[in-house]
Amino acid sequence: MASIPERQTSRAAGWSRRTAAFSAVLLLTVFAGHRFDLVETPVFLWVLGIVALLAALALLFAGFAFSRLWNFGDLGGRALTVGSLLALLVLVPFGVAAYWATIYPPLRDISTDFDDPPALDVSDRTKDMNVLAPSTPGEQRLQTESYPLVSARSYDLPFDTVVDAVESVLDRRNWDLTEPYPDLRGQSEVTIAAVAKGFVLGLPADVAIRMTDDGDTIIVDMRSASRYGRYDLGDNAARIVDFLAELDQEVAGQVGAAPAE
(Lines give C-alpha, C1' and ligand atoms only; values in the text may rest on other atoms or scores of the structure.)
Protein backbone atom coordinates (compact mmCIF):
# COMPACT_ATOMS: atom_id res chain seq x y z
CA MET A 1 0.00 0.00 0.00
CA ALA A 2 1.51 3.30 -1.11
CA SER A 3 2.00 5.88 1.63
CA ILE A 4 0.59 9.38 1.23
CA PRO A 5 3.40 11.95 1.36
CA GLU A 6 3.15 14.43 4.20
CA ARG A 7 2.12 17.90 3.11
CA GLN A 8 4.82 20.53 3.58
CA THR A 9 4.30 23.96 5.10
CA SER A 10 5.20 26.69 2.66
CA ARG A 11 8.10 28.81 3.89
CA ALA A 12 7.15 31.54 1.45
CA ALA A 13 3.76 31.90 3.15
CA GLY A 14 5.43 32.46 6.51
CA TRP A 15 7.85 34.99 5.02
CA SER A 16 4.94 36.78 3.39
CA ARG A 17 3.18 37.22 6.71
CA ARG A 18 6.35 38.26 8.57
CA THR A 19 7.48 40.71 5.88
CA ALA A 20 4.05 42.30 5.60
CA ALA A 21 3.72 42.60 9.38
CA PHE A 22 7.14 44.23 9.62
CA SER A 23 6.28 46.72 6.86
CA ALA A 24 3.04 47.66 8.64
CA VAL A 25 4.78 48.16 11.99
CA LEU A 26 7.56 50.14 10.31
CA LEU A 27 5.01 52.36 8.53
CA LEU A 28 3.11 53.16 11.72
CA THR A 29 6.31 53.77 13.68
CA VAL A 30 7.94 56.12 11.18
CA PHE A 31 4.67 57.96 10.59
CA ALA A 32 4.20 58.60 14.31
CA GLY A 33 7.87 59.54 14.69
CA HIS A 34 7.65 62.08 11.88
CA ARG A 35 4.41 63.55 13.23
CA PHE A 36 6.04 64.14 16.62
CA ASP A 37 9.28 65.49 15.09
CA LEU A 38 11.31 62.48 16.18
CA VAL A 39 12.20 61.52 12.60
CA GLU A 40 13.54 64.03 10.08
CA THR A 41 11.71 64.38 6.78
CA PRO A 42 14.50 63.00 4.50
CA VAL A 43 14.77 59.89 6.67
CA PHE A 44 10.98 59.62 6.73
CA LEU A 45 10.80 59.63 2.93
CA TRP A 46 13.55 57.02 2.61
CA VAL A 47 11.80 54.75 5.11
CA LEU A 48 8.54 55.13 3.19
CA GLY A 49 10.34 53.80 0.13
CA ILE A 50 11.63 50.84 2.14
CA VAL A 51 8.12 50.17 3.46
CA ALA A 52 6.73 50.05 -0.08
CA LEU A 53 9.47 47.64 -1.17
CA LEU A 54 8.83 45.37 1.82
CA ALA A 55 5.09 45.30 1.12
CA ALA A 56 5.73 44.47 -2.53
CA LEU A 57 8.14 41.72 -1.45
CA ALA A 58 5.47 40.29 0.84
CA LEU A 59 3.10 40.07 -2.12
CA LEU A 60 5.77 38.24 -4.12
CA PHE A 61 6.22 35.74 -1.30
CA ALA A 62 2.44 35.31 -1.16
CA GLY A 63 2.27 34.69 -4.91
CA PHE A 64 4.99 32.05 -4.74
CA ALA A 65 3.33 30.41 -1.74
CA PHE A 66 0.00 30.31 -3.57
CA SER A 67 1.60 28.59 -6.55
CA ARG A 68 3.07 25.97 -4.22
CA LEU A 69 -0.28 25.53 -2.49
CA TRP A 70 -2.08 25.16 -5.83
CA ASN A 71 0.38 22.81 -7.51
CA PHE A 72 1.75 20.74 -4.61
CA GLY A 73 -0.81 21.15 -1.86
CA ASP A 74 1.54 22.90 0.56
CA LEU A 75 0.16 24.21 3.83
CA GLY A 76 0.15 27.90 4.72
CA GLY A 77 -3.02 29.30 3.25
CA ARG A 78 -3.80 31.33 6.36
CA ALA A 79 -0.30 32.82 6.51
CA LEU A 80 -0.28 33.87 2.86
CA THR A 81 -3.78 35.35 3.22
CA VAL A 82 -2.73 37.43 6.22
CA GLY A 83 0.45 38.48 4.46
CA SER A 84 -1.42 39.51 1.31
CA LEU A 85 -4.03 41.51 3.18
CA LEU A 86 -1.45 43.31 5.32
CA ALA A 87 0.71 44.10 2.30
CA LEU A 88 -2.24 45.47 0.35
CA LEU A 89 -3.29 47.55 3.36
CA VAL A 90 0.21 49.02 3.60
CA LEU A 91 0.26 49.81 -0.11
CA VAL A 92 -3.11 51.61 -0.08
CA PRO A 93 -1.64 55.03 0.91
CA PHE A 94 0.98 54.71 -1.83
CA GLY A 95 -1.73 53.94 -4.35
CA VAL A 96 -3.77 56.94 -3.21
CA ALA A 97 -0.69 59.18 -3.52
CA ALA A 98 -0.04 57.85 -7.01
CA TYR A 99 -3.64 58.59 -7.98
CA TRP A 100 -3.41 62.12 -6.57
CA ALA A 101 -0.24 62.64 -8.61
CA THR A 102 -2.28 62.02 -11.75
CA ILE A 103 -5.13 64.42 -10.91
CA TYR A 104 -3.18 67.31 -9.34
CA PRO A 105 -0.85 69.53 -11.40
CA PRO A 106 2.92 69.03 -11.03
CA LEU A 107 3.44 72.12 -8.85
CA ARG A 108 5.14 72.63 -5.50
CA ASP A 109 5.34 76.44 -5.14
CA ILE A 110 2.04 78.36 -5.13
CA SER A 111 1.68 82.15 -4.84
CA THR A 112 -1.07 84.72 -5.23
CA ASP A 113 1.41 87.05 -6.96
CA PHE A 114 3.38 85.72 -9.92
CA ASP A 115 5.30 88.92 -10.68
CA ASP A 116 6.49 89.60 -7.14
CA PRO A 117 5.80 86.59 -4.88
CA PRO A 118 6.17 87.08 -1.11
CA ALA A 119 9.69 86.35 0.10
CA LEU A 120 10.16 83.10 2.01
CA ASP A 121 12.53 82.70 4.92
CA VAL A 122 15.35 80.49 3.63
CA SER A 123 17.64 80.75 6.65
CA ASP A 124 17.18 77.12 7.70
CA ARG A 125 16.80 75.51 4.27
CA THR A 126 19.34 72.82 3.38
CA LYS A 127 20.74 71.48 0.13
CA ASP A 128 18.48 68.41 0.11
CA MET A 129 15.34 70.60 0.00
CA ASN A 130 13.60 71.78 -3.16
CA VAL A 131 15.29 74.66 -4.94
CA LEU A 132 13.27 77.86 -4.94
CA ALA A 133 13.00 79.33 -8.42
CA PRO A 134 10.72 81.83 -10.19
CA SER A 135 7.66 80.18 -11.67
CA THR A 136 7.65 79.68 -15.42
CA PRO A 137 4.82 80.94 -17.66
CA GLY A 138 3.67 77.34 -18.02
CA GLU A 139 3.53 76.85 -14.26
CA GLN A 140 1.65 80.12 -13.84
CA ARG A 141 -0.91 79.10 -16.44
CA LEU A 142 -1.24 75.67 -14.84
CA GLN A 143 -1.82 77.19 -11.40
CA THR A 144 -4.41 79.63 -12.74
CA GLU A 145 -6.33 76.85 -14.49
CA SER A 146 -6.08 74.34 -11.63
CA TYR A 147 -6.53 76.63 -8.63
CA PRO A 148 -8.75 79.58 -9.56
CA LEU A 149 -9.50 80.28 -5.88
CA VAL A 150 -5.86 81.12 -5.14
CA SER A 151 -6.05 84.91 -5.28
CA ALA A 152 -4.90 87.88 -3.22
CA ARG A 153 -7.18 89.84 -0.92
CA SER A 154 -7.79 93.58 -0.83
CA TYR A 155 -9.30 95.31 2.21
CA ASP A 156 -10.43 98.92 2.60
CA LEU A 157 -9.29 98.97 6.22
CA PRO A 158 -6.46 100.41 8.31
CA PHE A 159 -3.14 98.65 7.89
CA ASP A 160 -2.81 97.56 11.51
CA THR A 161 -6.35 96.14 11.51
CA VAL A 162 -5.55 93.79 8.63
CA VAL A 163 -2.22 92.79 10.19
CA ASP A 164 -3.96 92.04 13.51
CA ALA A 165 -6.48 89.87 11.67
CA VAL A 166 -3.69 87.94 9.93
CA GLU A 167 -1.93 87.39 13.25
CA SER A 168 -5.17 86.20 14.84
CA VAL A 169 -5.61 83.57 12.13
CA LEU A 170 -1.98 82.51 12.51
CA ASP A 171 -2.40 82.15 16.27
CA ARG A 172 -5.06 79.51 15.68
CA ARG A 173 -2.77 77.43 13.50
CA ASN A 174 0.03 75.15 14.54
CA TRP A 175 2.61 76.84 12.33
CA ASP A 176 6.14 77.66 13.46
CA LEU A 177 6.94 81.34 12.96
CA THR A 178 10.49 81.91 11.77
CA GLU A 179 10.56 85.32 13.51
CA PRO A 180 8.32 87.17 15.99
CA TYR A 181 5.52 89.31 14.62
CA PRO A 182 6.94 92.49 13.03
CA ASP A 183 6.74 95.98 14.49
CA LEU A 184 4.26 98.01 12.43
CA ARG A 185 5.49 101.48 13.35
CA GLY A 186 6.39 103.38 10.20
CA GLN A 187 5.81 100.33 7.99
CA SER A 188 3.69 100.14 4.86
CA GLU A 189 4.61 96.53 4.02
CA VAL A 190 5.33 93.59 6.29
CA THR A 191 5.83 89.89 5.65
CA ILE A 192 5.25 87.11 8.17
CA ALA A 193 7.08 83.86 7.45
CA ALA A 194 6.34 80.47 8.95
CA VAL A 195 6.77 76.74 8.44
CA ALA A 196 3.58 74.72 8.06
CA LYS A 197 3.02 70.97 7.87
CA GLY A 198 0.80 69.04 5.51
CA PHE A 199 -2.38 67.54 6.87
CA VAL A 200 -1.76 63.92 5.83
CA LEU A 201 1.98 63.21 5.90
CA GLY A 202 3.07 66.30 7.80
CA LEU A 203 5.58 67.32 5.13
CA PRO A 204 6.92 70.84 5.83
CA ALA A 205 6.28 73.83 3.62
CA ASP A 206 7.58 77.40 3.80
CA VAL A 207 4.81 79.99 4.04
CA ALA A 208 4.89 83.78 3.66
CA ILE A 209 2.01 86.23 4.14
CA ARG A 210 2.67 89.75 2.87
CA MET A 211 0.51 92.78 3.73
CA THR A 212 1.01 95.90 1.61
CA ASP A 213 -0.52 99.36 2.03
CA ASP A 214 -0.78 100.78 -1.49
CA GLY A 215 -2.40 104.00 -0.31
CA ASP A 216 -6.00 103.09 -1.08
CA THR A 217 -6.35 99.49 0.13
CA ILE A 218 -4.44 96.83 2.03
CA ILE A 219 -3.39 93.94 -0.21
CA VAL A 220 -2.70 90.52 1.32
CA ASP A 221 -0.62 88.10 -0.73
CA MET A 222 0.40 84.60 0.30
CA ARG A 223 2.88 82.00 -0.85
CA SER A 224 3.39 78.37 0.13
CA ALA A 225 6.25 76.17 -1.15
CA SER A 226 6.93 72.52 -0.31
CA ARG A 227 10.37 71.74 1.05
CA TYR A 228 10.38 68.15 -0.22
CA GLY A 229 8.80 66.25 -3.07
CA ARG A 230 8.43 66.91 -6.77
CA TYR A 231 4.67 67.50 -6.45
CA ASP A 232 2.67 68.93 -3.57
CA LEU A 233 -0.54 67.00 -4.45
CA GLY A 234 -2.60 70.16 -3.97
CA ASP A 235 -1.35 70.82 -0.43
CA ASN A 236 -0.02 74.36 -0.97
CA ALA A 237 -3.06 75.63 -2.84
CA ALA A 238 -5.40 74.17 -0.22
CA ARG A 239 -3.36 75.85 2.51
CA ILE A 240 -3.59 79.27 0.87
CA VAL A 241 -7.29 79.02 0.04
CA ASP A 242 -8.14 77.85 3.55
CA PHE A 243 -6.05 80.54 5.24
CA LEU A 244 -7.42 83.42 3.17
CA ALA A 245 -10.99 82.20 3.58
CA GLU A 246 -10.49 82.19 7.35
CA LEU A 247 -8.93 85.64 7.09
CA ASP A 248 -12.06 86.90 5.32
CA GLN A 249 -14.16 85.58 8.18
CA GLU A 250 -11.84 87.13 10.76
CA VAL A 251 -11.98 90.55 9.11
CA ALA A 252 -15.74 90.36 8.67
CA GLY A 253 -16.13 89.35 12.30
CA GLN A 254 -14.03 92.28 13.51
CA VAL A 255 -15.27 95.14 11.33
CA GLY A 256 -17.95 93.68 9.09
CA ALA A 257 -16.05 94.45 5.89
CA ALA A 258 -16.07 92.17 2.87
CA PRO A 259 -12.83 91.74 0.92
CA ALA A 260 -12.21 92.18 -2.78
CA GLU A 261 -10.32 89.40 -4.51
Side-chain angles (χ1 to χ4, degrees), residues 104-125 127 129-167 169-170 173 175-179 181-184 186-196 198 203-251 257-261:
Y104 286 107
L107 300 172
R108 61 191 184 194
D109 188 347
I110 304 296
S111 175
T112 60
D113 189 345
F114 294 137
D115 298 327
D116 183 23
L120 300 172
D121 189 336
V122 297
S123 57
D124 62 341
R125 293 181 69 91
K127 293 186 296 183
M129 297 180 183
N130 291 331
V131 177
L132 295 175
S135 58
T136 65
E139 291 173 338
Q140 295 174 11
R141 183 175 61 254
L142 190 58
Q143 175 186 316
T144 302
E145 295 173 352
S146 303
Y147 306 122
L149 296 180
V150 175
S151 59
R153 295 297 193 271
S154 178
Y155 301 97
D156 295 324
L157 297 170
F159 184 62
D160 56 348
T161 300
V162 176
V163 175
D164 288 342
V166 170
E167 293 177 355
V169 176
L170 281 170
R173 295 173 177 265
W175 295 357
D176 297 325
L177 298 179
T178 58
E179 292 182 356
Y181 289 138
D183 187 358
L184 302 182
Q187 300 291 328
S188 61
E189 178 180 306
V190 296
T191 300
I192 301 176
V195 178
L203 298 179
D206 287 302
V207 178
I209 304 104
R210 183 181 64 202
M211 293 135 284
T212 306
D213 185 353
D214 68 354
D216 297 324
T217 58
I218 309 301
I219 300 174
V220 179
D221 282 295
M222 188 171 176
R223 181 183 180 185
S224 181
S226 301
R227 288 188 168 187
Y228 301 94
R230 295 180 60 186
Y231 307 148
D232 65 4
L233 304 182
D235 180 65
N236 291 305
R239 181 177 296 109
I240 293 176
V241 171
D242 184 57
F243 183 92
L244 294 180
E246 188 173 346
L247 178 62
D248 292 341
Q249 296 177 356
E250 180 68 24
V251 171
E261 295 186 1

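In this text, all values refer to a predicted model and were calculated from it rather than measured experimentally. Just so you know, these numbers use all the heavy atoms, side chains as well, and skip hydrogens, waters and symmetry mates. Each residue takes its place number in the sequence, starting with 1.
Proximity of I192 to W175: side-chain heavy atoms (C-beta onward) are nowhere separated by under 4.5 Å. Counting only heavy atoms from C-beta outward, the side chains of Y228 and M129 approach each other to under 4.5 Å. Looking only at side-chain heavy atoms (C-beta outward), L142 and P106 come within less than 4.5 Å of each other. Counting heavy atoms from C-beta outward, M222 and L247 have side chains that stay 4.5 Å or more apart.
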Residues 212-219 side chain polar contacts: donor-acceptor under 3.5 Å, at least two apart:
| unit_1 | atom_1 | unit_2 | atom_2 | d |
| --- | --- | --- | --- | --- |
| T212 | OG1 | E189 | OE1 | 3.4 |
| D213 | OD1 | G215 | N | 3.0 |
| D214 | OD1 | D216 | N | 3.1 |
| D214 | OD1 | T217 | N | 2.8 |
| D214 | OD1 | T217 | OG1 | 3.4 |
| T217 | OG1 | S154 | OG | 3.2 |

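Ionic pairing of R173 and D242 is present here: one or more N-O contacts between side-chain nitrogen and carboxylate oxygen are shorter than 4.0 angstrom.
In this structure, E250 CD and D164 CG are separated by 9.5 Å, a value rounded to the nearest 0.5 Å. To the nearest 0.5 angstrom, F159 atom CZ is 6.5 Å from S188 atom OG. Expressed to the nearest 0.5 Å, how far CG of D116 lies from CZ of R210 amounts to 4.5 Å. The structure places OG1 of T112 at 13.0 Å from CG of L149, a figure rounded to the nearest 0.5 Å.
Residues satisfying the ring-ring contact (aromatic ring centres under 6.0 Å, His included) criterion with Y147, sequence neighbours excluded, are absent altogether. For D124, the salt bridge (Lys or Arg N to Asp or Glu O under 4.0 Å) test picks out R227, with sequence neighbours left out.
A side-chain N or O of T178 and one of D121 form a donor-acceptor pair less than 3.5 Å apart. Counting only N and O atoms by type, the side chains of D221 and S111 include no donor and acceptor under 3.5 Å apart.
With hydrogens and angles ignored, the 3.5 Å screen pairs no side-chain donor or acceptor of S224 with any backbone N or O of I110. The backbone N or O of P118 lies less than 3.5 Å from a partner atom in the side chain of R223, making a donor-acceptor pair.
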